[in-house]
Amino acid sequence: MSELKHLLESNRQWAAERLATNPQFFSGLSQQQTPEYLWIGCSDSRVPANQIIDLPPGEVFVHRNIANVVVHTDLNCLSVVQYAVEVLKVKHIIVCGHYGCGGVQAAMENKEHGLIDNWLQHIRDVYRYYRAEIDACADNNEKLDRLCEKNVIQQVLNVCGSTVIQNAWANNEALSVHGWIYSIKDGLLRDLGISMSQVDDYRAANR
Ligand code: CO
């Protein structure tokens with residue numbers, strides 16, 4: 001435990017700084033959370049949701065897993081989506097991938113990684129959908145970046161196809177799903193231009 005003392009010390013300092021600027025910082029947050037955004041991102045330590053979009057605690061609901069995958073049988077992810085949409089009433093869901101994703105990279109390799117290969121199978125499926133476009137890339141780095149982008153697009157479609165989002169749209173709720181990608185090299189987010197706000201957007205993209 002003692003080797004983690006520096007983290008507990010950092011926490012005390014951080015909490016003190018928040019209180020110094022706003023004495024109600026924690027008491028306000030303890031009453032409720034009203035985030036407008038659900039972030040679905042990669043677990044990669046270099047892609048922390050709140051810091052990247054510069055939002056304080058309370059402003060973004062977060063789900064992260066390896067390679068930001070949304071699977072219709074993943075109760076964990078679906079529960080997050082349902083709670084975010086039906087209880088917290090978020091207005092935007094952001095699926096955010098990142099270039100150079102290790103999970104996507106591993107899915108492109110022809111070697112075994114153990115248990116995680118079962119998870120990465122979902123990304124291999126994405127590769128298969130877009131094989132012609134990805135294989136046409138000049139080199140492996142470009143292939144990886146393209147698959148990272150396609151993976152985000154596919155996961156946006158998976159979010160939109162979930163019963164939670166379909167029901168929200170059927171009820172005319174204002175809810176948009178967006179696909180972004182982050183570059184660890186420059187710290188910038190790019191919008192992949194596939195935002196969907198109604199069932200017709202989803203049907204048009206998923207035809
Ligand atoms: Co990643």
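Keep in mind it's a predicted model, so treat the numbers as computed, not measured. Counting starts at 1 for both ligands and their atoms, in listed order.
- Figure legend: cation-pi geometry between R131 and Y129 absent, as NZ or CZ is not positioned both under 6.0 Å from the six-membered ring centre and within 45° of its axis.
- Taking a cut-off of 2.8 Å, the protein N, O or S atoms nearer than that to the Co ion (ligand 1) are C42 SG, H98 NE2, C101 SG.
- A salt bridge between R146 and E142 is present, with a side-chain N of the basic residue lying under 4.0 Å from a carboxylate O of the acidic one.
- Side-chain atoms of Q155 and N158 form a donor-acceptor pair, as typed in the model, at a separation below 3.5 Å.
- Between E133 and K150 there is a salt bridge, since at least one side-chain N of the basic residue sits less than 4.0 Å from a carboxylate O of the acidic one.
- Here W180 sits in one hydrophobic cluster together with Y37, W39, V47, I52, I53, L55, V60, V62, I94, Y182, I184, L189; the rule is ILVMFWY side chains under 4.5 Å apart, joined directly or through other members.
- Salt bridge D117/R124: present, at least one basic N to carboxylate O contact under 4.0 Å.
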